[in-house]
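Every chain is numbered from 1 and lettered A, B, ... according to where its sequence line falls, protein lines coming before strand lines.
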Protein chains: 2
Amino acid sequence: MARNVEFDEELAISRAMDLFWKKGYTGTSMRDLCEVMGVNASSIYNTIGDKHQLFIRCIKYYTESRMEAARKQLKLIDSPFKAIEKFINASAHAITNEPDSCLAIKTTFELAVSDEQVQKILKKDNDFTYSLILDLVTKALEQKEITISQDKEMLTDFIINHFTGWHESFIIHKDEKRIKKMAKFLIEQLSR
Amino acid sequence: MARNVEFDEELAISRAMDLFWKKGYTGTSMRDLCEVMGVNASSIYNTIGDKHQLFIRCIKYYTESRMEAARKQLKLIDSPFKAIEKFINASAHAITNEPDSCLAIKTTFELAVSDEQVQKILKKDNDFTYSLILDLVTKALEQKEITISQDKEMLTDFIINHFTGWHESFIIHKDEKRIKKMAKFLIEQLSR
DNA sequence: CTAATTCTGTAACGTTCGTTATAGAATTAT
DNA sequence: ATAATTCTATAACGAACGTTACAGAATTAG
């Protein structure tokens, strides 16, 4: 019959993701994508589909990788409050040390308003982080490690909500200290 | 000599701004801009300049209008804490009731990372809001209306920082209640 | 080997992009 | 009115866009 060798799809998707991350969806051309993926346009259209489908694959890859990493990062920590603390500090560190801002947030503001498919993928990613933190907040409340409020759903939202602003602040002011101070204050507040 | 009539530049800029707001910088074409501005491309290039210069005019118009509005909104309020409370509630209301998310934030994530001119304009806008709230926080601390912390600079950052996340949350979840709860909690925290 | 099938590279499709040359309409001073 | 000047409308520029047709290289089954 016939051949079935293919290019390394995961690697190609990962490289496409990096380019979309840097230049945004609209700002990225198929020609540039072909170049970084090391694959011809024909192959992309035959296997993955058009530019939009390729992008969908890329944010799915991004969010799924993040979810996997978050799961790993937190499951080994015994104290729920320490886990929350670590999550907040890890976020602050990532925000002030990675060259590009979060792809999910960039995509939220570029596409999610007008693209329902993208919005749903990002909502799934948000809901995952939400349930992860909600679980920790619930346990921390039970163990009286958190005392600031008993409304665990609101507290979860409240904690996660800070990160987006930190991204914006760092893009505009490029001042790591400002982010670190807010992170420290947030953690102090939870347990006061 | 010669004529000097011109198209209504402010109106044209305002309409161009609306289109950039909806579609982003890269997503907006000069042809669409000409149409909504009611002006030919030649006229734009002769008076304002190229697409990038036009966009600069639009975000300047956006940020300056916002600064003017914020000044007006807050100067009539006697209690500094009430002014902060009003600012937070007005932000939460705007975020959950305007069709498109904040142009400044969208632009931060689309352009400010790679476009220094844009970054500086947005920094100016941020610094203005910062000094406005810092002034209120300072007075509220003096009058002991705020007790949560004495670090007025950090507190100012901390307050403003919430709004960006609220925008993201509303795009993803479209749930006004979640934003309102966070706003209520934030206000309660400041004065507890 | 040959035949069948699926991959990839080239090259081009028709559109749309940002931008501009140009000609003529509009306006003002004399 | 005439001349001078500045506007706008048309139309097109070359380049880049997303996408695809097609030929031939590569692979596998018989």
Taking atom [atom2] of [N] as reference, at what distance in whole Å does atom [atom1] of [X] sit?
| X | N | atom1 | atom2 | value |
| --- | --- | --- | --- | --- |
| A:I44 | D:dC17 | CD1 | P | 14 Å |
| B:N40 | C:dG18 | CG | P | 15 Å |
| A:L54 | D:dC17 | CG | P | 15 Å |
| A:M37 | C:dC7 | CE | P | 15 Å |
| B:H52 | C:dG18 | NE2 | P | 13 Å |
| A:Q53 | D:dT19 | CD | C1' | 13 Å |
| B:D32 | C:dG18 | CG | C1' | 13 Å |
| A:D50 | D:dC17 | CG | P | 16 Å |

Item checked: Side chain of B:K51 (C-beta onward), nearest among C:dG18, D:dT20, C:dT8 -> C:dG18
Margin query: Quick check for you: among C:dT8, D:dT19, D:dA9, whose closest atom lies nearest to any side-chain atom of A:R31?
Written below: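 My answer, after comparing the listed nucleotides, is D:dT19.
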Check: Using 30° and 60° as the class limits, which term best fits the ring planes of B:F20 and B:Y25: parallel, tilted or perpendicular?
Finding: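 It falls in the parallel class, under 30°.
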Next item on the list: Can you label the angle between the B:W166 ring and the B:H162 ring as parallel, tilted or perpendicular, going by 30° and 60°?
Entry: tilted
Looking at [X], does any N or O in its side chain come under 4.0 Å of the phosphate oxygens OP1/OP2 on [N]?
| X | N | value |
| --- | --- | --- |
| B:S42 | C:dT20 | no |
| B:Y45 | C:dT20 | no |
| A:S43 | C:dC7 | no |
| A:S29 | D:dA16 | no |

Next item on the list: May I ask you to check whether A:F55 and A:Y61 place their ring centers less than 6.0 Å from one another?
Entry: no
Next item on the list: Indicate whether the side chain of B:E9 and that of B:T47 have a donor and an acceptor atom separated by less than 3.5 Å.
Entry: no
Check: Going by atom types alone, do A:E145 and A:S191 pair a side-chain donor with an acceptor below 3.5 Å?
Finding: no
Note to self: Pick the closest DNA chain D nucleotide for A:T28 and for A:N46 by heavy atoms, then say which residue is nearer the 5' end.
What the structure shows: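 Going by which nucleotide is closer to the 5' end, it is A:T28.
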